[in-house]
Amino acid sequence: MSKSPQAIRGTQDIFGPDAEAFAFVVETFERVRRLYRFRRAEMPVFEKTEVFARSIGETTDIVSKEMYSFEDRGGESLTLRPEFTAGIARAFLSNGWQQHAPVKLATHGPLFRYERPQKGRYRQFHQIDAEIIGAAEPQADVELLAMADQLLKELGIEGVTLHLNTLGDGESRDAWRAALVEHFLSVKDELSEDSQERLEKNPLRILDSKDPRDKKHVNHTLDIDTFLSDSARRFFDEVTSGLDAAGVKWQRAPNLVRGLDYYRHTAFEFIPDEGSEAADKLGSQSTILGGGRYDGLMESLGGAPTPAVGWAAGIERLAMLAGSPNRRVETFGIVPERPEASHFAQELAYILRSNGLPVDMLFNVSARKAPKKLYDREITTILYVNNFDDAPQSGFINFKRNFSGSHSLEKRVGMRLAEEFRLERTFDVSEEEAVLNRERADLVLRRRVDKPTKS
RNA sequence: GCGAUCGUAGCUCAGUUGGUUAGAGCGCCGGUUUGUGGUACCGGAGGUCGGGGGUUCGAGACCCCUCGAUCGCCCCA
């Protein structure tokens with residue numbers, strides 16, 4: 001144990017139910033993304049460091065301390081992607097995706113952040129991501145949020161609410177920030193140490209501080225509403241009324257902010273309701289899906305001004321909350337009872353599988369132990385397969401179904417098997433043989449000739 | 001980066017105020033039995049107690065360091 005290598009800190013190996021839940025999230029995302037006609041995009045897992053440095057801004061701790069950056073052999077500084085947005089923006093610019101604008105893009109995959117691991121937070125983690133690039137209209141925000149909302153519903157995630165705010169346009173935002181700084185400076189000594197520092201670095205963040213000393217000084221006179229320009233207000237009204245029309249429930253969250261400068265207008269997070277089961281499962285890492293409008297980003301990457309809005313969500317966190325897929329599919333486990341029956345077993349498996357039925361084939365497992373193995377693998381029906389030395393073309397099958405709990409053995413003939421699962425290719429039962437061998441096996445099947453032709 | 005709790009078999013854990021050859025359940029392997037099967041019974045393998053150092057006649061238990069996990073804070077693109 002001590003000698004064998006360990007997985008590196010903050011990474012995880014996913015298997016079993018967790019892996020199924022993970023796959024369920026991705027599959028559901030893929031399905032919903034098609035419903036909303038978002039197009040798939042794939043970007044490299046690493047980029048030049050400047051892609052992230054320029055988009056996020058050199059100043060923050062993020063760039064200096066929380067990215068996996070390294071030099072390649074050519075001496076170029078590269079970084080494992082810590083987020084999707086910057087890479088997508090870079091791809092948009094370098095591939096001339098303007099020609100498709102406005103373009104709706106969706107992607108998912110691993111991301112890397114050098115952070116202290118905690119619940120639902122890893123150094124290699126995975127997100128799903130959706131962006132609409134080249135659309136300045138509030139309807140784009142609505143479209144994007146409607147998709148997110150439907151996704152969460154289809155994942156069976158309950159007790160989660162869309163928290164919504166606006167950061168205004170550039171002008172509104174600057175005025176708001178100035179007013180906040182002025183207000184908090186006047187009570188600086190009463191703020192928490194962290195917030196006194198935030199006053200310099202990131203004053204907006206004081207609004208969502210958890211420290212009671214800070215909360216005392218946050219009130220509604222500081223909401224951005226009083227600083228919004230007419231056009232920014234109109235934009236936000238369009239978003240909220242659009243959400244209402246689209247059936248997306250939301251609530252206003254005046255203290256919801258974004259630290260980075262490129263964010264404009266809409267900012268949002270889906271957060272578990274207080275006291276809900278979901279909140280319990282997530283602990284302090286509570287946001288399950290978040291995003292906003294980032295009209296300023298393309299310019300910081302040296303592109304033409306391009307409006308865009310997007311969101312991302314952690315797959316691990318979604319998987320923790322998602323309901324079980326609950327798809328009970330008839331699943332077969334085939335057990336050849338002796339080596340001579342293996343070809344018959346292979347063919348049986350082939351026929352079932354080509355009819356779309358899931359089949360697990362067990363070899364190297366004693367027939368006696370098989371049920372236990374199969375139970376672990378969530379098999380619903382076991383097919384014990386055997387054949388006779390004097391009639392290698394024939395085989396017989398014992399059919400045991402829903403074996404959990406009961407000890408009963410259901411016996412059916414091959415035609416029933418075929419009917420029940422509507423197989424295109426069937427097993428034909430020879431009456432004589434069936435009778436002849438009834439003592440030994442309950443059904444005897446002779447393989448029919450209409451085997452699929454192999455090309 | 002800061003704080004707290006934890007780390008004993010593949011898994012879940014027990015291990016009394018430091019005291020002989022470190023235990024259980026499940027799992028795994030083998031055997032017997034139930035004629036068709038998940039059962040039961042018998043047997044077996046598997047641990048330098050996360051790693052390193054120290055205190056002690058003696059350490060899985062105590063101290064220090066380190067690695068990792070978990071939960072908060074910071075950060076959150």
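Order of the sequence lines fixes the chain letters, A, B, ..., with proteins taken first and strands second; residue numbering starts at 1 for each chain. Excluded from the calculations below are hydrogen atoms, water molecules and symmetry mates; all remaining heavy atoms, backbone and side chain alike, are included.
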Novice: Among B:C76, B:A77, B:G72, which nucleotide has an atom closest to any side-chain atom of A:R121?
Specialist: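 Looking only at heavy atoms from C-beta outward on A:R121, the closest nucleotide is B:C76.
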
Novice: CZ of A:R39: more than 12 outside heavy atoms within 6.0 angstrom?
Specialist: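 Result for CZ/A:R39: open.
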
Novice: Does B:G7 have a Watson-Crick or wobble partner in any strand here, with both distances under 3.5 angstrom, and which is it?
Specialist: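 WC or wobble partner is B:C67.
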
Novice: Report yes if at least one side-chain N or O of A:N202 is closer than 4.0 Å to OP1 or OP2 of B:C75; otherwise report no.
Specialist: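 Answer no for this pair, as no side-chain N or O of A:N202 is under 4.0 Å from OP1 or OP2.
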
Novice: Is it true that A:R213 and A:E193 make a salt bridge, defined as a side-chain N closer than 4.0 Å to a carboxylate O?
Specialist: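 Looking at A:R213 and A:E193, the cut-off is met.
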
Novice: Do any side-chain nitrogens or oxygens of A:R198 fall under 4.0 Å of OP1 or OP2 in B:C75?
Specialist: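 Indeed, a polar side-chain atom of A:R198 lies that close.
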
Novice: Measure from the side-chain heavy atoms of A:I56 and tell me the nearest of B:A69, B:C76, B:A77.
Specialist: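 Of B:A69, B:C76, B:A77, B:A77 is nearest to the side chain of A:I56.
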
Novice: Quick one: is A:R205 getting a side-chain N or O under 4.0 Å of the B:A77 phosphate, OP1 or OP2?
Specialist: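 Checking A:R205 against B:A77: at least one side-chain N or O falls below 4.0 Å of OP1 or OP2.
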
Novice: Flag yes if more than 12 heavy atoms outside A:E277 fall under 6.0 Å of its CD atom; otherwise flag no.
Specialist: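 Result for CD/A:E277: open.
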
Novice: Does any nucleotide pair with B:C57 by Watson-Crick or G-U wobble geometry, both distances under 3.5 Å, and what is it?
Specialist: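 Answer to the pairing question: B:G19, which forms a Watson-Crick or G-U pair with B:C57.
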
Novice: Respond yes when some side-chain nitrogen or oxygen of A:S284 is under 4.0 Å from OP1 or OP2 of B:C73, and no when none is.
Specialist: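 For A:S284, the contact criterion (side-chain N or O under 4.0 Å from OP1 or OP2 of B:C73) is met.
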
Novice: Salt bridge between A:E269 and A:R258, side-chain N to carboxylate O under 4.0 Å?
Specialist: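 Salt bridge flag = yes for A:R258 with A:E269.
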
Novice: How are the rings of A:F46 and A:F70 set relative to one another: parallel (under 30°), tilted (30 to 60°) or perpendicular (over 60°)?
Specialist: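 A:F46 vs A:F70 ring planes: parallel.
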
Novice: Go ahead and name the base partner of B:C73; Watson-Crick or wobble counts if both distances stay under 3.5 Å, otherwise write none.
Specialist: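 Base partner found: B:G1.
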
Novice: Just name whichever nucleotide pairs with B:C41, Watson-Crick or G-U, keeping both distances under 3.5 Å, else none.
Specialist: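 The base-pairing partner of B:C41, which may sit in any strand shown, is B:G31.
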
Novice: Rounding to a whole Å, what distance do you find between A:K201:NZ and B:C76:C1'?
Specialist: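 Value for this atom pair: 13 Å.
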
Novice: On RNA chain B, does the nearest nucleotide to A:R116 precede the nearest nucleotide to A:E83 from the 5' side, or the other way round? Give the residue.
Specialist: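 Looking at the nearest nucleotide for each, A:R116 comes out on the 5' side.
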
Novice: May I ask you to evaluate whether A:Q118 reaches the phosphate of B:U70, defined as a side-chain N or O under 4.0 Å from OP1 or OP2?
Specialist: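 Answer no for this pair, as no side-chain N or O of A:Q118 is under 4.0 Å from OP1 or OP2.
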
Novice: Starting from C1' on B:C2, measure out to CD on A:E66 and report it in whole angstrom.
Specialist: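 About 14 Å, once rounded to whole Å.
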
Novice: Quick one: on RNA chain B, does A:K210 or A:M67 contact a more 5' nucleotide (nearest heavy atom)?
Specialist: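 Nearer the 5' end of the strand: A:K210.
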
